[in-house]
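Please read these numbers as outputs of a predicted model, since none were measured by experiment.
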Amino acid sequence: MTVASSLSSRASSSRTNTLAVTKILPILLLITAVKFLLIPSYFSTDFDVHRNWLAITRHLPLSSWYFEDLQGRTVHTLDYPPGFAWFEYFLSNNFVTTSLVGSGWLDDKCLDLLPDDDNVPSERCVTFQRCTVILSDVILFFGAYFVARSTNLNVPKGVDVEEASALTFLLIATNPGLIVLDHIHFQYNGMLLGLLLCSVACIIRGAPKDTTAVQVKNSNERRAASNQMWELSGAALFALLLAMKHLYVTLAPLFFVHLLRHHCFVAKKGREEESSSAVLHFSFTRFVLLAAVTLVCLLGPFLPFFVQQNAWGQIEQILKRLFPFGRGLVHDYWAANVWALYLFAGRVSSYIIRMPFVPESIRKIVESFSQVPFSEPPPHFVALCLLIGLAPALICAWKAAGAELGCQLKGSLKVNPWAGSFFMYAVVFSSFSAFMLGYHVHEKAIMTAIIPLTSLATTSRENARLFIRTSMFGLFGLFPLLFRPDELLMKSFLYLTWMLFAIYRLESLLFKDSRILFCKESTSYQSHF
């Protein structure tokens, strides 16, 4: 009976996957067509940055990649980790690019080292670089599909699983923030967030599953090996992500804590045969394997720089480019976080203190400060504040990972281990903390919270409300990036259309039937934050 039900469930799952693909394919074609229509649109100086990186990786030797600035004639220097530098190298040195340049379709100037006062790109150069972003979105689509299929089992009773998965994919693939950032402003955020989604999906699939339906000999060992491989894959993908974009390092403590507890500890029954408790034992073998996989993926792109003549000089220069603390606490365009409020309060206080009714003695004290009466906190203080902000997620992740392993020790959290969805909540919380407390945060960093939160929007009404509110304000905060009046209608249309669609579809999915049951476990994660 149990075997038959299992086979029936697998067949139903197969039909669901096939049907989901038929729904997703037209969406991919439509959104890709929209991106091609946006090729002639406005682009920012980030376009010049990436064009210069293509030229650096195409014409200069490896030892000069992180040193070249055209003798001070350009500010568009390479300041991403080596993983992304190798990605730019692939774009500038592959067979297609070489053929386009050789045939004359792509002008040589597009891939030449140019100073900032003479770097106006041709239309074909713009088309070429825009197409690289469109092609890189394949990783975003795969990550969106992967995470939608990994979290779809946690939807409430009464909600169609296939419909929830398709909606999750659709909301991620059509997110107007990514369209504005990547296909108008010009960046590769979709590709990087796709890697993050793939990594998180692997971690979720590495969580223990309910296997009471089928009893097979040695099934526990095979299931443990499968979970282990999923978690190793998640660690490898996240390490690769760090090697491409170092700003995701704020999620590294969460991945470390979860994998250390969940992957490197093995649950074993107590000595008493009838005991329901479990004891966790540290596995040194698993720890070494996890460390090896992570270090290979993280340090692999750095290895060619280690073998240069001035290896230490190379590493020092890379670190200077990756962490330019001299740029200040906030970006030129302030992100809506704690430090923006702090500096704003300082400037308001400075203005008030300089009013005529303030005594001259106090005014002289204020004038001794450079700009504001509040001193700018140093990077190490900001890092400490960020670590404190991440602490709740790290503590809960440690306890939840132990609970998923079957640990029922005193003081452990009673969380739902189903499909490992708690880890996604922790990713969202950590991303919010990094956005609010990080050093020199860009406005686009809010996408690191919005995109993972999208996968939780279909799991409960509370999550849907949080997703709508976060998207409403977070995406609106990206509007100043397109500051010209020419883009006002376009960005407003993208924003309003997507928001209305998200509200309508989530309401029809989760609020249409009062008989939909929301288990307490499905929303219990939020109480920990």
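- With hydrogens and angles disregarded, no donor-acceptor distance shorter than 3.5 Å links the side chain of Asp137 to the backbone of Gly190.
- Screening Trp65, Phe302, Tyr80 for a ring pair (Phe, Tyr, Trp, His ring centres under 6.0 Å) involving Trp86 leaves a single residue, Trp65.
- Using bins of under 30°, 30° to 60° and over 60° for the plane-to-plane angle, the ring pair His185/Tyr42 lands in the tilted bin.
- Within the 3.5 Å criterion, the main-chain N or O of Thr448 finds a donor-acceptor partner in the side chain of Ser431.
- Taking all atoms of both residues into account, the shortest heavy-atom contact from Leu453 to Phe467 is CD2-CA, 3.7 Å.
- Closest approach of Pro377 to Trp339, counting heavy atoms only: CG-CZ3, 3.8 Å.
- Results of the side-chain hydrogen bond (donor to acceptor under 3.5 Å, both in side chains) test with Glu231 over Arg205, His263, Arg286 single out His263 as the only residue that passes.
- Classification of Arg327 and Asp79 as a salt-bridged pair holds, one side-chain N sitting under 4.0 Å from a carboxylate O.
- With sequence neighbours left out, Cys125 forms a disulfide (SG to SG under 2.5 Å) with Cys110.
- At distances below 3.5 Å, not a single donor-acceptor pair connects side-chain atoms of Thr497 with backbone N or O atoms of Leu494.
- In this structure, Ser199 contributes its side chain and Gly234 its backbone to a donor-acceptor pair below 3.5 Å.
- Atoms CG and CZ, on Asn463 and Arg465 in that order, are 10.5 Å from each other to the nearest 0.5 Å.
- For the pair Arg130 (side chain) and His183 (backbone), a donor-acceptor distance under 3.5 Å is present.
- Ring orientation note: the planes of Phe186 and Tyr188 are nearly perpendicular, at an angle over 60° on the 30°/60° scale.
- The backbone N or O of Leu482 sits less than 3.5 Å from a side-chain atom of Lys491, completing a donor-acceptor pair.
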Query raised in the report: Between Asn94 and Thr97, does a side chain to side chain donor-acceptor pair (under 3.5 Å) hold up when you go through it step by step?
Result: CA-CA 6 Å; Asn94 62 77; Thr97 303; 3.1 Å; yes
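- A distance-only check finds a donor-acceptor pair linking the side chain of Arg461 to the backbone of Leu510 [under 3.5 Å].
- In this structure, the separation between CG on Leu167 and OG on Ser508 is 7.5 Å, given to the nearest 0.5 Å.
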**Report entry** His50/Phe84 under ring-ring contact (aromatic ring centres under 6.0 Å, His included): CA gap, chis, key distance, verdict
**Finding:** CA-CA 11 Å; His50 288 279; Phe84 201 92; 5.8 Å; yes
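- No side-chain donor from either of Thr45 and Asp48 sits under 3.5 Å from a side-chain acceptor of the other.
- Between Phe146 and Trp230, the angle of the ring planes lies from 30° to 60°, which puts this pair in the tilted group.
- Taking the six-membered ring where the residue is Trp, Phe423 and His258 present tilted rings, their angle falling between 30° and 60°.
- Put simply, CD1 on Ile450 and OG on Ser471 are 4.5 Å apart, with the number rounded to the nearest 0.5 Å.
- Here the straight-line distance linking atom NZ of Lys245 with atom CG of Leu242 works out to 11.5 Å at 0.5 Å rounding.
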Query raised in the report: For Phe473 and Phe476, what are the C-alpha separation, side-chain angles and deciding distance, and is it a ring-ring contact (aromatic ring centres under 6.0 Å, His included)?
Result: CA-CA 5 Å; Phe473 294 106; Phe476 184 79; 8.1 Å; no
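- The aromatic rings of Phe169 and Tyr145 sit perpendicular to each other, their planes meeting at more than 60°, with 30° as the lower class boundary.
- Arg505 CZ to Thr168 OG1: the interatomic distance, rounded to the nearest 0.5 Å, is 10.5 Å.
- Summarising the local packing, CZ of Phe67 is surrounded by more than 12 heavy atoms from other residues, nucleotides or ligands at distances under 6.0 Å.
- For Leu489, the CG atom counts as loosely surrounded, since its 6.0 Å shell holds 12 or fewer non-hydrogen atoms of other residues, nucleotides or ligands.
- Looking only at distances, no side-chain donor or acceptor of Arg261 sits under 3.5 Å from a matching main-chain atom of Ala401.
- Side-chain N or O atoms of His440 include one that pairs as donor or acceptor with a backbone N or O of Gly328 at under 3.5 Å.
- Put simply, the side chain of Ser455 never gets that close to the backbone of Ile451: no donor and acceptor are under 3.5 Å apart.
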